[in-house]
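Throughout, residue positions are numbered sequentially from 1 according to the sequence presented.
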Amino acid sequence: MSLKSYLAKKFAKSIYRKTQIWANNPIQTQQNVFNELIRQAKNTQFGTDHHFDSIKTFEDFSKNVPIRDYEALKIYVDKVVQGEENVLWKGKPLYFAKTSGTTSGAKYIPLTKESMPFHIEAARNAILHYIHETGNADFVNGKMIFLQGSPILEEKNGIQLGRLSGIVAHFVPKYLQKNRMPTFETNCIEDWETKVDAIVEETFNEDMTVISGIPSWVQMYFEKLQQKAEQPVGELFKNFNLFIYGGVNFEPYRAKFDNLIGRKVDSIELFPASEGFFAYQDSQKEKGMLLLLNTGIFYEFIKSDEFYTDSETSGPKRYTIGEVELNVNYVLIISTNAGLWGYNIGDTVQFTSLKPYRVIVSGRIKHYISAFGEHVIGKEVECALKEAMENTSIQINEFTVAPQITPLEGLPYHEWFIEFENIPDNIVAFAEAIDSAMRTQNSYYDDLISGKVLQKLVITKVAKNGFQEYMKSIGKLGGQNKIPRLSNDRTIVDFFSNTK
């Protein structure tokens, strides 16, 4: 065992013990975070406007601070962007994580000196928990890569801004600098296809042991490696044994990755966002990711089927960590030490464990299909596809689902646009298998099929690299950008209809 591996195991044991302290005291941990957030932001503009000086309990907070998304909080964010101090959080932020918005154009998410360390520590601790549980630390001696955005930062009124992954690249610990791939120069390449080609050239002859990134973009990297090497990635990188990912559910990609790699490797799932690092997979044996309750984030939860229901008094009920239940779909609401308050990040989660609190990401509150009252969510389509693919050789590269409300003939239906790596021998039977799994999971969908309101789903094949072409067409190829699994309209899928 190398000295580096030995020290990694010692460090992993220490972090594991510290995690157990707050994980075993979740409600008090969240109360402490809540109290500290209110105390530190009491004299900010937001704190003054929302009477933080009189907030003593969560009930006080929920009365004074409404649920907001970015557009609703923008009046305050704009002041921060313009250079004002003490607006949402004390002083000025260290950075803005710049992301693409919906109705408001570019979004500027503040990162403060209090919040920034937790983005780094959470990713580190995920790896350390893996080391502690498995005893596997040999990979620390090899090369590691994270497919990420450019680390080149701009400046706006004295505050640096860039993509979150690019900002985080500046905080790689010194002890990992020699292991880190690719080079800074390659990381700065903006064009994603050019960048991946350069990464292939740089890593081709290296001892890669850890590879991480959003699955769809890592898949592109693996495909290019396999084409160049004319052998599976696992043969090229014989010591590659750990894949770290986040952003999307890995299950639809798993069969394709096993084929590209040529063998199975361990994986760690992360739940990071510009607004905060919320959870990571702390165990290879348990389902879900450990919700991080001690990292300057206070969590609230709203049942997704109640989220859009109006109340004459206070809106939908807001639950704290001690009130959540297993297997219920919740909209995730956060208040943070970066100055986001009662903030709806748009993700929905379900709890898989309450001791400790573990979650899975079940979808996006705005990404669903309910054109006929079925309210199909991301987790359901991903699970249905996984079930239909089991015990088959079918592999897919990407997919999305949209309603077809006005077909040329027959009843409306859900249309699945799938880019296959290998097309099923019987695509009708494959569609039947997905549809059956969907009906088992979603009783509303089942009722609509049984009641002849909808016909069974229809699969439309997407040409090879079709989804990459779509992302390129909207300027979002690579980085942290992802294809929505579900849409309630046909904005995305019209691209494929128009390019046939």
Strictly by modelled atom types, are N136 and Y130 linked by a side-chain donor-acceptor pair under 3.5 Å? yes
Is there a donor in the side chain of N239 and an acceptor in the side chain of D207, or the other way round, less than 3.5 Å apart? yes
May I have the list of side-chain donor-acceptor pairs in residues 420-432 shorter than 3.5 Å, sequence neighbours left out?
from : atom 1 : to   : atom 2 : distance (Å)
E421 : OE1    : K256 : NZ     : 2.9
E421 : OE1    : N397 : ND2    : 3.3
E421 : OE1    : K464 : NZ     : 2.9
N422 : OD1    : Q395 : N      : 2.7
N422 : ND2    : S393 : O      : 2.6
N426 : OD1    : V428 : N      : 3.2
N426 : OD1    : A429 : N      : 3.0
E432 : OE1    : K456 : NZ     : 3.2

Examine F139 together with F240 and report whether their ring centres are nearer than 6.0 Å. no
Going by distance alone, is a donor N or O of one side chain under 3.5 Å from an acceptor N or O of the other, for T348 and S304? no
OG-CG distance between S487 and D494, expressed to the nearest 0.5 angstrom: 10.0 Å
Rounded at 0.5 Å granularity, tell me how far CD1 in I492 sits from OH in Y470. 4.0 Å
So, N241 and T209: side-chain donor and acceptor under 3.5 Å apart, yes or no? no
State whether the number of non-hydrogen atoms from other residues, nucleotides or ligands found under 6.0 Å of F171 atom CZ is greater than 12. yes
Taking salt bridge (charged side-chain N to carboxylate O under 4.0 Å, His left out) as the definition, give me every residue that meets it alongside K287, ordered by chain and number, with sequence neighbours left out. none
Check: D489/T491 side-chain N/O donor and acceptor closer than 3.5 Å: yes
Flag this pair as yes if the NZ/CZ of K228 is under 6.0 angstrom from the six-membered ring centre of F204 and inside a 45 degree cone about the axis; otherwise no. yes
Salt bridge flag under 4.0 Å for residues E419 and K461: no
Would you please name every residue forming a ring pair (Phe, Tyr, Trp, His ring centres under 6.0 Å) with Y445, sequence neighbours left out? H414
Heavy-atom count check: over 12 atoms from other residues, nucleotides or ligands less than 6.0 Å from K386 NZ? no
Are the side chains of E202 and E206 in contact, using a 4.5 Å heavy-atom criterion? no
Contact check, side chains of F271 and E269, non-hydrogen atoms, under 4.5 Å: no
Less than 4.0 angstrom from a charged side-chain N to a carboxylate O is my criterion; do D258 and K264 meet it? yes
Contact check, side chains of T19 and D282, non-hydrogen atoms, under 4.5 Å: no
Which of H132, E133, H129 passes side chain to side chain donor-acceptor pair (under 3.5 Å) with S283? It is E133
First locate atom CZ of F250, then atom CD1 of I244, and finally report the distance between them rounded to the nearest 0.5 Å. 12.5 Å
Given side chains that start at C-beta, do those of E380 and I377 come closer than 4.5 Å, heavy atoms only? yes
Hey, mind stepping through R263 and E235 against salt bridge (Lys or Arg N to Asp or Glu O under 4.0 Å) and telling me if it holds? CA-CA 9 Å; R263 54 184 169 82; E235 286 297 312; 5.6 Å; no
I need the N465 CG to M471 CE distance, nearest 0.5 Å. 13.5 Å
Verdict with supporting geometry, R254 and E382, salt bridge (Lys or Arg N to Asp or Glu O under 4.0 Å): CA-CA 12 Å; R254 190 176 293 278; E382 288 171 340; over 6 Å; no
Check whether the side chains of S450 and R439 place a donor and an acceptor atom closer than 3.5 Å, and report yes or no. yes
